[in-house]
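Scope of the values below: all heavy atoms of this structure, side chains included, with no hydrogens, waters or symmetry mates. All of these numbers come straight from a predicted model, not from anything done at the bench. Residue numbers start from 1 in every chain, and the chains themselves are labelled A, B, ... in the order their sequence lines are given, proteins ahead of strands.
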Amino acid sequence: MHEHYTPAQIEADAQAQWENNKVFQAVEDVSKPKYYACSMLPYPSGKLHMGHVRNYTINDMLARQLRMRGFNVLMPMGWDAFGLPAENAAIAYKKSPAEWTYANIADMKSQMQPLGLAFDWSREIATCDPDYYKWNQWFFLKMLETGVAYKKTQIVNWDPVDQTVLANEQVVDGRGWRSGAIVEKREIPGYYFGITQYADELLDDIDQLEGWPDMVRAMQRNWIGKSEGVRFAFDHDVKDADGAPINDGKLWVFTTRADTIMGVTFCAIAAEHPLATRAAELNPALLPFIDECKHGGTTEAELATQDKKGVSTGLFVTHPLTGAQLEVWIGNYVLMGYGDGAVMAVPGHDERDFAFAHKYGLPIRQVVAVDGETYSAETWAEWYGDKVRGVMINSGKYDGLGYKAAVDAVAADLAAKDAGEKKTTWRLRDWGISRQRYWGTPIPIIHCPCCGDVPVPYEDLPVVLPTDCIPDGSGNPLKHREDFLNVACPKCGEAAQRETDTMDTFVDSSWYFMRYCDPKNGEAMVGEGTKYWMAMDQYIGGIEHAVLHLLYARFWTKAMRDAGLVSFGEPFKNLFTQGMLLRDCYYREDTHGKKRWFYPSEVDVLHDDKGRPVSAIAKEDGQPVVMGGIEKMSKSKNNVVEPKDIIEQYGADTARLFTMFAGPPDQSAAWSDSGVEGAYRYLRRLWAFGVKHAETIRTAGELTAALAKDDKALRFEIHSTLKQIDADFERLQYNTVVSGVMKLLNALEAYKGDNAAVLRESFGILLRAIYPAAPHIAHQLWRELGYGDEIADAAWPEPAADALTQDEIKLMVQVNGKLRGEILVAKDAAKDVIEAAALAQEGVQRFLDGAPKKVIIVPGRLVNIVA
RNA sequence: GCCCAGGUGGCGAAAUGGUAGACGCAGGGGACUCAAAAUCCCCCGCAGCAAUGCGUGUCGGUUCGAGUCCGACCCUGGGCACCA
């Protein structure tokens, strides 16, 4: 046994033993309760970040502790290996995406392995492997058969930088979510998954996801965006240039407030609406405003405070119930992409319409009243939009009705006139999966001049993607690959061509977690392994996937269920979203406002006399730099920490221990160099304690009932801390698990007794408690001190009831809720004994004026005397 | 504007309605050392010599007792958004 802590050697030895004995290879075993814990599939960028270390250590702590508690644990790892970065790298380095990707995977894996994570690497998958994406293609064909997948020609979001189509969900602020390029509209054919067919179920089942953070559930609900209302039409006689009525003479609108229909005083349409286009033809003066709406930053966050702007088209429509003529305005607040691109305006009861009407002097009509409130068309009040208390007025036959009754009555009347009906609209759109790029799953379709689009026969799968293409930025290289392209039509045998579009990579990540369960199954997409391991017990990943990935995976699971492949409808029982790792950053701005970022090591921080940081200077010139606060680690800000450097200097256990201790795992945590030192210091102390007491612990006998006071005190401390650690494991609060194991060592070091059995028991608890966080050192000490050969197979310790019972207990004494003293009483002392002891306290008497009014005793806790 | 999370020492943070600040970092003092590093010991919310008082974003409330529960508000972070 080394006298000093030597992490490099300890960690290599432990990892070799785990690998040689296949300790973490998961085998289906119905005699044990299963637990499937999985981290979100990483993209193989080639660089392992400290954030990865934190995320996977969370996963690892969970897996290792549950394994000790008797669960059959599966913790797999794989690679989200398709996608655009590989094509960009190909352009930059003239390497094929396949070569680049596989090199990155090897690289990243080699950086990951020194961390000693308990992954079952035998189940590793890469989504760019034909054995994997074959099943993307297979299930695509299944969905095509059932109509869940379909082809349509549609105006799509075209990303001019990525040269690809984006789903509506992937457009952020009018820009591609990855490239940031301003999205253009283009019309091309593509394949879609009918996620909206599952909209109701996706929404309803959110209620069942009790193991998910409320925040994520709320975000999914908002994304799906169910909205119940009435869709109806205003008639008009506006005709296009050829004299045909536009949209058959109807202006369709959707409203959730059909009750206020008698308060409609005008209509507002989007700038792209056909009526707007026609109005501009008739009156070119409208063009500048229409242009402004199309190109103006309609999705800027500041728009919340921006003025509602509009312009009248000079066109009129007819109110379907009153027959009144209503002016049609083009409004910058109406979106063509939502509903019908037109709204009925009720300035009396919609805040937005109210502001618009005021600005342009349009009529305002009150049709809802609330008892006790006074209406004024001059200023807006919250209650104008009240659906609960509001009652209809100035609305003819609807007067006196409440919100729901009024909506029903209006909907019925519109339906009777064949002018509209109740309708549910959704924010959610179908998922476009066609990508005009090379590095992805080929869509298994053959275009035949005679037979049209023909699905590739199942027996011909997979359609293998050639791996030697090198994209050059001019589009999809598959278009020039004759050997890929040319194929006989499966139907008629004539010369035909393959589809060259590939699938969105969100397809790959929608079910990979099931493939881990049957990674080598050549016969089926999923099999017995999936039956055994799914649904997943704990999914761990970033909040940035709260909507897209998690919604797609839920949808895909339901589609698989409906295809008879699995029996469950929700893939993830519990979801944990971990926080990011942040670090201080420092910069200096040049005269052009360009920031130069300094590495934290290049900066000295100056503190005031209270230790508060007040300013920072660069070491190189002593001149001030700006303290940029703590930000997400990023290369551009020079505040990245390399896991490799930390592991080399301190070892993996230190890196793991620090990232767990830095803060609650679900919140962001700040990197701290001195904090890392602290974690290292602790592990050294732990090792030194093991060395110092090795002989005593190795040769210790059985624990007996005859214990000295110090022995009892130590056991109480150890076992009660273990209880706390257990509770914190349960709720995944690993930062306090670590502080718990720190307490254990503090208690052991403070122990004055000489009972070898107590020492052995206590240190054994400490080793198992710290094992999930710092497995290597625990593994080595476990062996060296003669506890056993493999700590991973040891049973998780149970707090012992006899250690937790105390003869005497300390009670805090309060007067009027303020702490005034403490007493030591027998654990089963009678109430009057406790009361007498409390009242006898000097500190209590001083604050007591005569007899106490009341004495409250909280058993085992405190006594509160009400004076 | 809507939704979600959060606001506690110099810092990261902890606390089933019951001792606020555990655990750690930084800081101060001391021991060991020729010296340094490492290690060990002590102190460490604010004010005060002390007794004590004040302290968990603000203001109220419930309670014997509130960081924790309720109501209103302020601030920070994240997400979504002219969503009708």
**Q** Taking for each residue the nucleotide of RNA chain B bearing the nearest heavy atom, is the 5' side occupied by A/Ser668 or by A/Met344?
**A**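 Its nucleotide being nearer the 5' end, the pick is A/Ser668.
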**Q** Just the rounded figure in Å: distance from P of B/rC83 to NZ of A/Lys423.
**A**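 Answer to the nearest Å: 18 Å.
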**Q** For residues A/Leu209 and A/Arg554, determine if any side-chain heavy atom of one lies less than 4.5 Å from a side-chain heavy atom of the other.
**A**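 Of all side-chain heavy-atom pairs linking A/Arg554 with A/Leu209, at least one is under 4.5 Å.
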**Q** Please report the distance separating the C1' of B/rA31 from the corresponding atom of B/rA37, rounded so that it comes out in whole Å.
**A**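 The same atom, C1', in both gives a distance of 16 Å.
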**Q** Could you tell me whether A/Gln733 contacts a base, only the sugar-phosphate backbone, or nothing, with contacts defined as non-hydrogen atoms closer than 4.0 Å?
**A**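 Result for A/Gln733 = sugar-phosphate.
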**Q** Quick one: label A/Arg731 by what it contacts on the DNA or RNA (base, sugar-phosphate, nothing), any heavy atom closer than 4.0 Å.
**A**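 If one applies the 4.0 Å heavy-atom cut-off, A/Arg731 turns out to touch the sugar-phosphate alone, with no base involved.
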**Q** Can you tell which of B/rC25, B/rG24, B/rA84 lies closest to the side chain of A/Arg681?
**A**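 That would be B/rC25.
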**Q** Considering only the P atoms, how many Å lie between B/rG10 and B/rC70, rounded to the nearest integer?
**A**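 Here B/rG10 and B/rC70 have their P atoms 29 Å from each other.
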**Q** Which nucleotide, B/rU19, B/rC80, B/rC23, lies nearest any side-chain atom of A/Lys810?
**A**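 It is B/rU19.
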**Q** With rounding to the closest Å, how many angstrom separate the C1' atoms on B/rC69 and B/rG12?
**A**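 It works out to 28 Å between them.
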**Q** Name the pairs: protein N/O against N/O of nucleotides 3-7 of chain B, kept only if under 3.5 Å.
**A**
none

**Q** Can you see whether A/Phe847 has A/Arg820 sitting over its ring - NZ or CZ less than 6.0 Å from the centre and within 45° of the normal?
**A**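 Output yes; distance and angle both within limits.
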**Q** Nearest nucleotide by nearest heavy atom, which residue falls closer to the 5' end of RNA chain B, A/Val334 or A/Gly663?
**A**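 That would be A/Gly663.
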**Q** Using a 4.0 Å heavy-atom cut-off across all strands, classify A/Pro664 as base, sugar-phosphate, or nothing.
**A**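 The answer is sugar-phosphate, as A/Pro664 gets under 4.0 Å only of primed atoms, P, OP1 or OP2.
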**Q** Between B/rG45 and B/rU56, how far is it from one C1' atom to the other, in whole Å?
**A**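 Each nucleotide's C1' atom is 11 Å from the other's.
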**Q** Does the ring center of A/Phe661 lie less than 6.0 Å from the ring center of A/Tyr682?
**A**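 No, too far apart.
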**Q** Between B/rC23, B/rA13, B/rU19, which nucleotide has the shortest distance from any of its atoms to the side chain of A/Leu819?
**A**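 Nearest to the side chain of A/Leu819 among the choices is B/rU19.
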**Q** In this structure, how many angstroms lie between the P atom of B/rC25 and the CG atom of A/Leu657, rounded?
**A**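 Roughly 11 Å, once rounded to whole Å.
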**Q** Quote, to the nearest angstrom, the P distance that separates B/rG53 from B/rU63.
**A**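 Looking at atom P only, B/rG53 and B/rU63 are 24 Å apart.
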**Q** I'd like the C1' distance from B/rG17 over to B/rC64, given in whole Å.
**A**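 The same atom, C1', in both gives a distance of 12 Å.
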**Q** Where the side chain of A/Arg685 is defined as all heavy atoms beyond and including C-beta, which of B/rA14, B/rG24, B/rU19 is the nearest nucleotide?
**A**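 Output: B/rG24.
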**Q** Under the rule syn = chi within 90° of 0, otherwise anti, which is B/rG9?
**A**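 Base orientation relative to the sugar is syn.
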**Q** If I take atom CD in residue A/Gln724 and atom P in nucleotide B/rA22, what distance separates them, rounded to the nearest angstrom?
**A**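 The distance from CD of A/Gln724 to P of B/rA22 comes to 13 Å, rounded to the nearest Å.
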**Q** Could you tell me whether A/Phe232 and A/Trp252 have their ring centroids closer than 6.0 angstrom?
**A**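 Centroid separation for A/Phe232 and A/Trp252: 6.0 Å or greater.
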**Q** Using only heavy-atom distances, determine whether the side chains of A/Glu677 and A/Ser674 contain a donor-acceptor pair under 3.5 Å.
**A**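 No, no side-chain donor-acceptor pair sits under 3.5 Å.
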**Q** Classify the nucleic acid contact of A/Lys853 as base, sugar-phosphate or nothing, counting any heavy atom under 4.0 Å across all strands shown.
**A**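 A/Lys853: no heavy atom of the nucleic acid under 4.0 Å.
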**Q** Heavy atoms under 4.0 Å, any strand shown: does A/Asp350 hit a base, just sugar-phosphate, or nothing?
**A**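 If one applies the 4.0 Å heavy-atom cut-off, A/Asp350 turns out to touch nothing in the nucleic acid.
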**Q** Report which part of the nucleic acid A/Asn746 touches: base, sugar-phosphate, or nothing (heavy-atom distance under 4.0 Å, all strands).
**A**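 Sugar-phosphate contact only - A/Asn746 comes under 4.0 Å of backbone atoms but never of a base.
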**Q** For nucleotides 61-66 of chain B, give me every protein contact, N/O to N/O, under 3.5 Å, one pair per line with atom names.
**A**
| unit_1 | atom_1 | unit_2 | atom_2 | d |
| --- | --- | --- | --- | --- |
| B/rC64 | O2' | A/Asn864 | ND2 | 3.3 |
| B/rC64 | O2 | A/Asn864 | ND2 | 2.5 |

**Q** Are any protein N/O atoms closer than 3.5 Å to N/O atoms in nucleotides 48-52 of chain B? If there are, list each pair with its distance.
**A**
| unit_1 | atom_1 | unit_2 | atom_2 | d |
| --- | --- | --- | --- | --- |
| B/rA51 | O3' | A/Arg846 | NH1 | 3.0 |
| B/rU52 | OP1 | A/Arg846 | NH1 | 2.4 |

**Q** How far does the C1' atom of B/rG71 sit from the matching atom of B/rG24, given to the nearest Å?
**A**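 Pairwise C1' distance, B/rG71 against B/rG24, rounds to 37 Å.
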**Q** Taking the C1' atom of each, how far is B/rC4 from B/rA50, in whole Å?
**A**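 Comparing C1' positions in B/rC4 and B/rA50 gives a spacing of 49 Å.
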**Q** What is the distance from OH of A/Tyr680 to P of B/rU39, rounded to the nearest Å?
**A**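 Rounded to whole Å, this separation is 10 Å.
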**Q** Strictly under 6.0 Å, is that where the ring centroids of A/Phe356 and A/Phe266 end up?
**A**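 Yes, they do, as the ring centres are separated by less than 6.0 Å.
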